[in-house]
Every structure is written in C-alpha cells, then in structure tokens.
Amino acid sequence: MTNPAATARRAGRREWTAFTVLLLPLLLVSMDVSVLYFAIPAITDQLAPSATQQLWIFDSYGFALSGLLITMGSLGDRIGRRKLLLIGATAFGIASVCAGYATSAEMLIAARVLLGIGGATLMPSTLALVRNLFQDDKQRGKAIAIWSGAMTGGIALGSVLSGVMLNHFWWGSVFLINVPAMLLLLLLVPVLVPEFKDPAPGRFDLLSVPLSMAAVLPVVYGLKEIAAEGFEPLYLGCLAVGLAFAYVFVRRQRTRDDAMISRALFRGRGFGAGIAFNTLAAFAVMGSAYFTTQYLQSVLGMGTLEAALWSLAPSVLIGAAAPVSAALAQKVDRGYVIAGGFALAAVGFALFSLVDTDSLWLILTGAGVLSSGVVAVMSLVSDMALAAAPAEKAGSAASLLETGTEFGGALGMAVLGSLGTAVYRSELADSEPAVRETLGGAAAAAHRIGGEAGEQVLALAREAFVHGMQYAAWGGAALLLGAAVLAAALMRGIEAPAPPAAEQADVPADGAAVPAYN
C-alpha cells in the first residue's frame, strides 16, 4: 500500500524562495524582543521617561504581541494569511519609523504597542504559511526546523545588533533597521507567496477578542512581575483574574459553532500535546536565560555588549539542533526524539548546577546544550501540531503555539526565578535590605560601601546568587526529565496525517486552504 502522505505535492524552488522571504519578519519580530537592551540609557537621557514609563517602554511590545496572537491567527484564517502578513508588515514598518523618531516617552510607548500589534500578525502568519507551502512531511519538518532556529537566533542577535548600531548611530536606529526589511517584504510577498485562507470560515466572534486578551494579558503580566518582585497579592490577583477569563473564553469556544478556536484543531492526537510540550520547552529556555544574563553581567562583571557577544557562543550548538532533530525524526520515532531533546536540555540544567562564581565556559556550554535540546523539541512539536491541524485552520494553530511560547517563557522566569531568589534571600537574611533584595542591589551597595568590606559584600551576594541558580537548575532538570518520560509515552507512534486531497494534488482542487498566486 502507498502512504497517502507520500503523494503530497513537493515544494519546489518557488516555495523555498518564498520561505526565505518569510524568515525576514520572523527575525525582526524576535529581534524586537531584545533590541532595547542597550538603547534604554540613551532613550532615558533624551526622553527622560519616569520609572513606570521605562517599564512600559520595555513591556508594552510583549504585552500587545501576546494578547493579540490568538485573535490574529483566527483573523488570518478568515481574510487570508498573506493579506494579514502584508497588513502587519505595513503596520510594523510605520511603527518602526514612529519609534525611531519618537519625541516623548508616551510616543515611544504607543509605537511599541503598534509594533506588538504588527508582530502579532506576523508571527502566526509566517508559521501558518510554512504549513501551507510545505505539504511533504520531510520538507515541512526541515522548514519548521529552520524557522525555529531563526526565531531563537533572532532574540540573541537583537541585543548584539542594537549594541553595534548604537556605537555608530543614535538610539532610534535600532528601530529603523526594520524599515528596509519590511519594504522588501511588501515587494516580494505578493509575487512569491500564495494566498491561503479558510474557504468557509463562518462569522468572526468579536466577543472572543476581548475575552482572549483578558485571559492572556493578566496572566503574562502577573508571571512577569512575580519573576521580578516575588509573590505579591496584586500579582497573584492578576493570575486569578486571567485564569477566570480563560475559563470563560474556553467555555465559549467549546459551545459556539463560530468559535475563534475551532474544536477541529484538537481532534488530531499530536496537537494538544504539541502545544503543551512547546510551552514546557519555552519554560526551560526563558527560565535559564533569566540566570545566564545576570550571571554574565553581575557575577562575572561583564559590560552589556560584552555579555551579549558572549551569549552568541551557544548558537554554534543551537544552529545544528533543529536540522539534526528533523533528520533523526525521519528515522526514529518522533516521540523518542522529542524525549531525547528534553533529556539533553536537562543535561544543560545539570551543567548549570556545577557553575561557581568563575565558570564562563561552563555556563556557556550549559546554555548551548540546554538551548539545543529545547530548539529540537520546539521544532518537532511545532511540526507535529501543525500537521495535526486542518490546513484551513493553520493560522489558529500557529497562534496557539505562539501563545503557549509566551506563557511558557513568562512561567519559566517566574517559577525558576522565584526559586533562585528565595535561596538568594535566605542566604543573605542578615544583610541590609538593598543587598538582600537583588544581586544588582548588592552591587550598588558594595560600590557605596567601597574598599575590602564592599568587595566582601559583593562576593557573598555573588555566591548566594550562584547557589540560587544551582537549586533552580536542579528543579528545571527534574521537570525536563519528567517531560522526557511523558513525551516518550504520549508522542510515540504519532505520524503526520495524510493531507487532504486539495493538498495532495499537483494542481489544487477546490477546498480548504487553496493557494492562489496573484
């Protein structure tokens, strides 16, 4: 018998060229997560934002992005993923110009919100179009592996690129680098990328838009603040409010025929599990990043640019992780490869537990091993989840994957960060409040005290931070080993479903997600 999936139309040069173009918005959106790391001192000097405004300059982009992912994924299925991508690219380019030439903190915050809205259209659109362009299992797996690596690399590249730009230009240049790429996107996408949309989407459920935002935003905000400030009643209340709205949102999706998130998405065995494991992978990578960035700067005493450059070193391992895992998944059961990725990431956490106050290469090796395992997992589960979703719902499927990534990252920083902070504060319980609060506060206190006494305070604080990181690393390793066992049990034997007839034919038939080159 012939495997129906094997008859799927293989992508040619045109599809791969289109895919290369789609990597542009992915890189820019992921870079914008970290592009302000070096620019904020210059922004502070020129725009003089208050402490609250400075926080919103950082966070408004991520909040707008995470809050609108579900809405934009569903909207792309209805109006067309290419059309939404072009609208988002236009908004992203305009917002970049507004941010680059902002004359006040309020204007910059508004521009960052618009950037987040544009990013929310770009992320699910690019991943959904990858699902539609590549119908052959092997080609799709390879494409999503490259997509995952580009997204991870973009976050690391953003901080370095901003540092380089600021050495030659003013702070607005870190935003204006988006404009040429978006213009290129607007020129090439209509020529190279076909349109895909649901031919029978039903009505758009407007009430689900504020419900989804009310479910996502309080939870993301609460988790981020818990990571930074601890378990305060306000932040726990935000979690409770978000979860309450999430319950209402899910209940609405389960009872309406025109639901924003189709129930058909969860009929495939690999979809729900793929989202859950993708969330766990994001938990690990962002939870570890919480410690590595502080370790390089506050423990080893590196400058921001130097730390960012060193943080690129793990990319040597990360770059090979996704392609290797995709190749392995063609020969070994995917469930076992995913379990192996989680186990490899657990080894990275174990290396973190061996770090002392002068272990540059050990922390970088641990970060590389951990991130390699995580990228392998994310590329495979993303492929499995998208393959399990109906082609006409690829936008919604991609948006759920991206939302899971946002949740997982915030949760990783909150849980592992809180564990490390608890150990840090317990070891410095007899120190003054500024020292006991954070490692950054300890460094400021040590500078104020000066001399040998100041050096001793800083040394004790650094040791306490490393001990906290070690405990968090063991916790992370235990969680990932549990995830490896679950992945081997739950994901074993899941094969990509046969594509519908419209996707198998060389000439598309009438039906779901019909591509049209206009």
Side-chain angles (χ1 to χ4, degrees), residues 23-69 71-72 84-126 150-151 153-187 189 213 217 220-221 224 304-305 308 402 406:
L23 291 179
L24 275 175
L26 173 66
L27 278 170
L28 293 175
V29 171
S30 56
M31 282 168 53
D32 255 52
V33 173
S34 55
V35 77
L36 284 185
Y37 286 171
F38 299 135
I40 201 65
I43 292 172
T44 301
D45 289 342
Q46 183 167 339
L47 303 184
S50 66
T52 301
Q53 287 175 329
Q54 184 170 310
L55 288 174
W56 279 109
I57 289 171
F58 267 111
D59 293 337
S60 56
Y61 174 80
F63 287 149
L65 177 70
S66 58
L68 287 170
L69 280 170
T71 297
M72 294 304 181
L84 185 65
L85 180 66
L86 292 173
I87 293 172
T90 302
F92 203 85
I94 293 171
S96 297
V97 174
C98 292
Y101 291 101
T103 56
S104 67
E106 293 83 0
M107 182 177 175
L108 181 55
I109 292 169
R112 290 281 286 171
V113 170
L114 185 57
L115 280 168
I117 295 171
T121 68
L122 297 175
M123 293 291 277
S125 295
T126 55
M151 181 178 65
I155 295 174
L157 187 61
S159 58
V160 176
L161 185 59
S162 68
V164 173
M165 295 294 291
L166 288 168
N167 281 339
H168 298 88
F169 307 102
W170 91 111
W171 63 265
S173 64
V174 302
F175 296 106
L176 295 184
I177 56 176
N178 297 331
V179 177
M182 287 300 157
L183 290 175
L184 186 62
L185 192 73
L186 291 171
L187 290 173
V189 164
M213 295 181 68
L217 289 178
V220 172
Y221 173 77
K224 285 180 176 290
T304 313
L305 180 57
E402 294 298 333
E406 293 292 325

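Counting begins at 1 with the first residue of the sequence. All of these numbers come straight from a predicted model, not from anything done at the bench.
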Inset, instruction - Kindly compute the distance separating CD1 (Ile109) from CG (Leu114), expressed to the nearest 0.5 Å. - result: 14.0 Å
Inset, instruction - Quick one: closest heavy-atom pair of Pro49 and Ala105, and the distance? - result: CB-CB, 3.8 Å
Inset, instruction - Find out whether Phe169 and Val174 are in side-chain contact, i.e. whether some heavy atom of one side chain is under 4.5 Å from a heavy atom of the other. - result: no
Inset, instruction - Using a 4.5 Å cut-off on heavy atoms from C-beta on, say whether the side chain of Cys98 contacts that of Ile94. - result: yes
Legend entry - Rounded distance [0.5 Å steps], CG in Leu115 versus OG in Ser96: 4.5 Å
Legend entry - Pairwise distance CD1(Ile87) to CG(Leu186) - rounded to 0.5 angstrom: 11.0 Å
Inset, instruction - Determine, stepwise, if the pair Met182 / Leu122 fulfils side chain to side chain contact (heavy atoms under 4.5 Å, CB included). - result: CA-CA 11 Å; Met182 287 300 157; Leu122 297 175; 3.9 Å; yes
Inset, instruction - Identify the two heavy atoms, one from Ala89 and one from Leu185, that lie closest to each other, and give their separation to 0.1 Å. - result: CB-CD2, 3.5 Å
Inset, instruction - Enter the distance from Leu23:CG to Thr126:OG1 here, rounded to the nearest 0.5 Å. - result: 8.5 Å
Legend entry - Check: Tyr61 main-chain N/O paired with Arg112 side-chain donor or acceptor under 3.5 Å: no
Legend entry - Closest non-hydrogen atom pair, Ala64 against Ala120: O-CB, 4.4 Å
Inset, instruction - Working to the nearest 0.5 Å, report the span between CH2 of Trp171 and CG of Leu47. - result: 5.0 Å
Legend entry - Nearest non-hydrogen partners of Pro124 and Leu69, listed with the distance: CD-CD2, 3.7 Å
Legend entry - Reported CG-to-CD distance for the pair Leu65 and Glu402, which is rounded to 0.5 angstrom: 8.0 Å
